[in-house]
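Just so we're clear, the structure is a prediction, and the values are computed from it rather than from any experiment. Just follow the structure's listing: the first ligand is 1, and inside any ligand the first atom is 1. Heavy-atom basis, side chains included; hydrogens, waters and symmetry copies ignored. We number each residue from 1, following the sequence as shown.
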Amino acid sequence: MSLRLGDTVPNFTAATTEGEINFYDFLGDGWGILFSHPADYTPVCTTELGKTALLQEEFAKRNVKVLAVSVDPLDKHLGWRNDINETQNCNVSFPIIADDDRKVADLYDMIHPNASATATVRSLFIIGPDKKLKLSLTYPASTGRNFNEVLRVVDSLQLTSNHSVSTPADWQQGEDVIVSPAIATADAEVKFGQKLREVKPYLRYVSQPGSN
Ligand code: BEZ
């Protein structure tokens with residue numbers, strides 16, 4: 001069955017380009033991103049893993065560990081990783097799971113038979129420190145994901161987790177955020193140490209907590 005938001009994600013052990021990994025141990029008490037790609041030595045996947053590697057510092061700053069997966073074997077991953085580093089001008093240091101027995105792909109429902117009987121689709125899961133699923137997305141093989149958007153979602157999720165605020169459409173780092181309708185205005189003004197900008201009683205903004 002597919003995972004739903006709020007579900008506890010399943011643990012697993014797997015062979016990876018960085019050695020054997022126990023998923024929960026790998027995540028520790030931080031955030032995690034597990035994402036699948038259809039196959040090694042394919043063009044879109046090459047750019048996706050390269051982009052992720054180039055953003056690795058940004059993920060680390062947010063205490064997010066990244067883990068890629070496809071059903072290709074380890075020796076293929078290792079050869080392909082050299083190509084990614086060479087062509088995308090990066091250094092892939094996050095693990096890539098060799099899931100040739102499809103253990104992880106099946107556990108996370110990453111094979112969608114009407115798209116491909118054998119290859120994983122582009123699934124991506126953001127997992128919180130509580131091991132609960134915070135976001136999932138599914139893209140087809142032909143569309144590379146936007147990893148800056150993934151970072152933007154992590155920022156939003158972490159703001160919600162740390163400050164109980166929400167983020168509006170197209171929100172970007174540093175812009176005003178939304179106060180939950182469940183908090184009374186007087187309480188919110190004490191909590192955030194600022195006056196709310198009230199557009200409607202249910203639509204109230206504050207400056208992003210923690211930004212200058
Ligand atoms: C790609 O990464 O370009 C790709 C992979 C599998 C199917 C189609 C495209």
Side-chain angles (χ1 to χ4, degrees), residues 1-5 9-10 12-21 23 26-27 31-60 62 64-127 133-157:
M1 205 182 84
S2 59
L3 284 167
R4 294 176 175 173
L5 299 189
V9 300
F12 57 81
T13 53
T16 82
T17 49
E18 304 298 320
E20 173 143 318
I21 275 180
F23 188 46
F26 171 74
L27 294 178
W31 293 70
I33 292 180
L34 175 68
F35 70 109
S36 60
H37 57 274
D40 295 358
Y41 293 107
T42 52
V44 177
C45 300
T46 300
T47 62
E48 281 199 326
L49 270 74
K51 186 69 192 188
T52 306
L54 291 169
L55 290 173
Q56 229 159 294
E57 246 180 57
E58 293 299 321
F59 287 113
R62 292 160 174 81
V64 179
K65 296 249 181 74
V66 174
L67 190 52
V69 57
S70 79
V71 296
D72 285 315
L74 195 54
D75 58 338
K76 216 168 163 188
H77 281 346
L78 291 169
W80 179 47
R81 189 173 62 174
N82 293 335
D83 279 10
I84 300 169
N85 290 340
E86 177 196 325
T87 61
Q88 307 304 303
N89 207 11
C90 65
N91 176 27
V92 174
S93 60
F94 55 83
I96 310 172
I97 297 172
D99 195 35
D100 25 351
D101 61 0
R102 300 192 199 174
K103 186 170 81 178
V104 176
D106 288 341
L107 204 54
Y108 280 77
D109 198 26
M110 291 164 163
I111 294 180
H112 297 197
N114 289 322
S116 164
T118 52
T120 42
V121 292
R122 298 189 194 282
S123 299
L124 185 147
F125 302 95
I126 301 182
I127 298 148
L133 182 64
K134 306 300 180 189
L135 171 133
S136 68
L137 58 82
T138 308
Y139 275 35
S142 52
T143 307
R145 288 158 285 195
N146 182 333
F147 287 86
N148 282 304
E149 167 63 6
V150 174
L151 277 176
R152 192 188 75 90
V153 176
V154 167
D155 285 341
S156 171
L157 290 168

Mind checking whether [X] and [Y] have side chains closer than 4.5 Å, heavy atoms only?
X: L151; Y: R62; result: yes
X: M110; Y: D99; result: no
X: I126; Y: I33; result: yes

Applying salt bridge (Lys or Arg N to Asp or Glu O under 4.0 Å), can you list everything that pairs with E57, at least two apart in sequence or on another chain?
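E57: no salt bridge (Lys or Arg N to Asp or Glu O under 4.0 Å) contacts found.
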Check this for me, if you would: do E149 and R152 make a salt bridge, where the nitrogen-to-carboxylate-oxygen distance has to be below 4.0 angstrom?
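Counted as a salt bridge, because a side-chain N and a carboxylate O are separated by less than 4.0 Å.
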Go ahead and list the nitrogen or oxygen contacts between ligand 1 and the protein that come in under 3.5 Å, distances to 0.1 Å, or just say none.
| residue | atom | partner | partner atom | Å |
| --- | --- | --- | --- | --- |
| ligand 1 | 2 (O) | T42 | OG1 | 3.0 |
| ligand 1 | 2 (O) | V44 | N | 3.1 |
| ligand 1 | 2 (O) | C45 | N | 2.9 |
| ligand 1 | 2 (O) | R122 | NH2 | 3.1 |
| ligand 1 | 3 (O) | P43 | N | 3.4 |
| ligand 1 | 3 (O) | V44 | N | 2.8 |

Mutual orientation of the aromatic rings belonging to F94 and F35 [parallel < 30°, tilted 30-60°, perpendicular > 60°]
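It falls in the tilted class, 30° to 60°.
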